[in-house]
Amino acid sequence: MRKETVPEGSIFKKMEKIKKIVANKWFILAVSILCSAYTLCLIYFAYAVFFYDIVYTDKTMFAVIYSAFSLVAGLLFFYTRRSFITCLISMINMVMFFPTLLLDWGNWPLLIPAAMVTLFGFFCCKMNDTVKTVFGTIFLLMYILGSIAFFLIMNVFTVTTVDTLLTPPGGIVSPSENFRCYVLDVKNKSSGKVAVYVQPNKLDENIKVIELKTTIKRLVKQANKENRDDALNYDVHWEDEKLFINGEEYFDESDYTAVNESGELTYDFSEGFWTHTYFEVDYPIIELIDRFKTVITDKLSEIKNDENAVTTTVSTTAAE
């Protein structure tokens with residue numbers, strides 16, 4: 001009886017080789033390490049939603065690209081579900097997704113793909129049932145209690161406002177294009193206020209389909225209560241490096257910029273009261289702290305000026 005053999009270069013031989021490679025533990029280990037790319041993506045967006053305002057230049061394209069990337073990541077998680085590294089990465093993802101969920105609620109093109117991959121990766125990975133139950137309970141409590149605490153803080157300890165931009169969307173950019181300013185009409189349950197903010201203009205990041213607008217800003221002038229109506233007609237303009245409001249100078253950008261050894265522009269936010277987070281609402285406690293810091297700074301400046309005056313007087317007397 002004649003025995004048929006499979007040709008050496010046949011498709012069946014190639015499939016066998018591919019099957020051996022795919023089943024190889026070292027190959028699976030390499031792919032599981034590759035899964036950490038999705039964790040880095042979650043970390044990046046968690047950082048972005050806290051320090052930037054995410055603006056879509058092409059929302060549909062972003063949704064397609066991010067969904068496709070998430071789908072590939074989900075397949076890789078399923079393929080390497082028995083790897084210890086994948087199990088570890090899946091638990092890290094549960095933590096890294098949490099800030100984005102809280103701070104960017106409603107941004108569905110970003111949240112939905114990430115939520116699906118994060119949950120799928122955690123539930124499909126093969127780990128000890130007891131360990132998965134313990135960590136699953138911890139994550140569940142973290143999401144529930146953390147969300148409740150966050151929304152309570154946002155609704156109880158902050159003032160609900162309706163903000164209206166009184167300047168163009170891009171703000172009023174200085175001639176050097178280093179800074180921009182904008183005027184905001186903030187309405188709350190009491191009288192509200194009109195505030196003038198200054199922002200660095202060259203810290204935005206453009207990533208094709210999205211743009212990350214910096215949220216670093218400084219309040220340079222505000223009008224409350226009886227002065228609010230007059231402030232709606234503020235005359236705000238730049239003259240070279242200085243910002244003038246109703247003819248008075250309120251900001252000099254040369255105080256907050258420098259040129260490094262490479263000739264590149266750098267910003268210095270060590271002086272003045274610059275905020276660095278995405279929050280746009282009024283925080284009474286933070287405003288109280290800022291006012292307290294302003295009073296302390298002014299008092300210290302007065303004391304220092306008095307000491308300098310005394311020193312100068314003593315030096316003049318000694319010289320005579």
Side-chain angles (χ1 to χ4, degrees), residues 31 34-79 89-90 92-122 143 147 150-151 154 161-174 176-185 197-217 264-265 267 275-281:
V31 175
L34 184 64
C35 290
S36 61
Y38 201 79
T39 304
L40 295 177
C41 183
L42 292 178
I43 294 173
Y44 178 78
F45 279 119
Y47 165 79
V49 298
F50 194 82
F51 292 104
Y52 293 90
D53 178 23
I54 299 178
V55 178
Y56 292 104
T57 56
D58 192 334
K59 193 171 185 178
T60 303
M61 184 59 67
F62 173 82
V64 171
I65 294 174
Y66 195 52
S67 297
F69 176 60
S70 299
L71 177 61
V72 172
L75 293 174
L76 294 181
F77 276 116
F78 181 76
Y79 168 62
I89 290 174
S90 298
I92 295 175
N93 288 350
M94 292 291 291
V95 178
M96 293 298 102
F97 175 65
F98 187 53
T100 308
L101 179 67
L102 290 184
L103 302 180
D104 212 16
W105 179 259
N107 187 358
W108 307 124
L110 176 62
L111 293 179
I112 292 177
M116 294 179 67
V117 173
T118 301
L119 291 174
F120 177 76
F122 178 76
Y143 273 75
S147 299
F150 178 79
F151 286 110
M154 292 296 291
T161 64
V162 178
D163 302 341
T164 303
L165 189 64
L166 301 180
T167 48
I172 303 173
V173 181
S174 66
S176 65
E177 298 185 350
N178 293 335
F179 287 88
R180 59 179 179 253
C181 70
Y182 61 92
V183 183
L184 206 62
D185 180 15
Y197 291 95
V198 172
Q199 281 189 310
N201 193 49
K202 294 185 178 179
L203 294 183
D204 301 335
E205 296 185 21
N206 197 327
I207 314 175
K208 301 274 178 146
V209 293
I210 62 173
E211 186 175 3
L212 304 181
K213 295 279 191 180
T214 182
T215 54
I216 298 175
K217 63 181 183 294
E264 298 176 346
L265 174 73
Y267 290 99
T275 59
H276 296 263
T277 66
Y278 86 108
F279 296 104
E280 294 292 343
V281 295

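Residue numbers count from 1 along this sequence. This structure is a prediction, so every number in the text was calculated from the model and none was measured.
- A distance of 8.5 Å separates CD of Q199 from CD1 of I216, quoted to the nearest 0.5 Å.
- Distance alone, capped at 3.5 Å, places no donor-acceptor pair between the S174 side chain and the R180 backbone.
- Put simply, CG on L102 and OH on Y143 are 8.5 Å apart, with the number rounded to the nearest 0.5 Å.
- Nearest heavy atoms, A114 versus L42: CB-CD2, 3.9 Å.
- By the 30° and 60° cut-offs, the orientation of the rings of Y66 relative to Y38 is parallel.
- Contacts of L71 classified as side chain to side chain contact (heavy atoms under 4.5 Å, CB included), with partners at least two apart in sequence or in another chain: none.
- Within the 4.5 Å cutoff, no side-chain heavy atoms of F98 are placed close to those of F150.
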Would you please test F77 and I89 for side chain to side chain contact (heavy atoms under 4.5 Å, CB included) and show each step? CA-CA 9 Å; F77 276 116; I89 290 174; 3.8 Å; yes
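- For K202, the side chain to side chain contact (heavy atoms under 4.5 Å, CB included) partners are E177, N178, L265, Y267, not counting sequence neighbours.
- Annotation for G74 and F120: closest pair O-CE2, 3.4 Å, computed over non-hydrogen atoms.
- The minimum heavy-atom distance between T39 and M96, with the atom names listed, is CG2-CG, 4.4 Å.
- Of the inter-residue distances, the one linking I43 atom CD1 with T100 atom OG1 reads 10.0 Å to the nearest 0.5 angstrom.
- Taking every heavy atom of both residues into account, F50 and L103 meet most closely at CD1-CD1, 3.2 Å.
- Just one of K213, E205, E211 meets the side-chain hydrogen bond (donor to acceptor under 3.5 Å, both in side chains) condition when paired with Y52; it is E205.
- Taking P109 as the reference, Y56, K59, F62, A63, N107 meet the side chain to side chain contact (heavy atoms under 4.5 Å, CB included) condition, with sequence neighbours excluded.
- Annotation: F151, atom CZ; neighbour count of heavy atoms from other residues, nucleotides and ligands within 6.0 Å is above 12.
- Interatomic distance, CG of L34 versus CG of L76, reported as 6.0 Å (0.5 Å rounding).
- Taking all atoms of both residues into account, the shortest heavy-atom contact from V117 to A73 is CG1-CB, 4.3 Å.
- Residues T57 and K208 fail the side-chain proximity criterion, which asks for heavy atoms closer than 4.5 Å.
- You'll find the side chain of T167 reaches within 4.5 Å of the side chain of L165, heavy atoms only.
- Taking a 6.0 Å sphere around CH2 of W105, one finds it holds 12 or fewer heavy atoms contributed by other residues, nucleotides or ligands.
- With contacts defined as side-chain heavy-atom distances shorter than 4.5 Å, the pair Y47/P99 does not qualify.
- In this structure a side-chain-to-backbone donor-acceptor pair under 3.5 Å is present from T215 to F51.
- For the atom pair N93 CG and C35 SG, the distance stands at 9.0 Å (nearest 0.5 Å).
- With rounding to the nearest 0.5 angstrom, the CG atom of D53 is 9.0 Å from the CG atom of L212.
- Between P200 and T214, the shortest heavy-atom distance links the atoms O-CG2, 3.6 Å.
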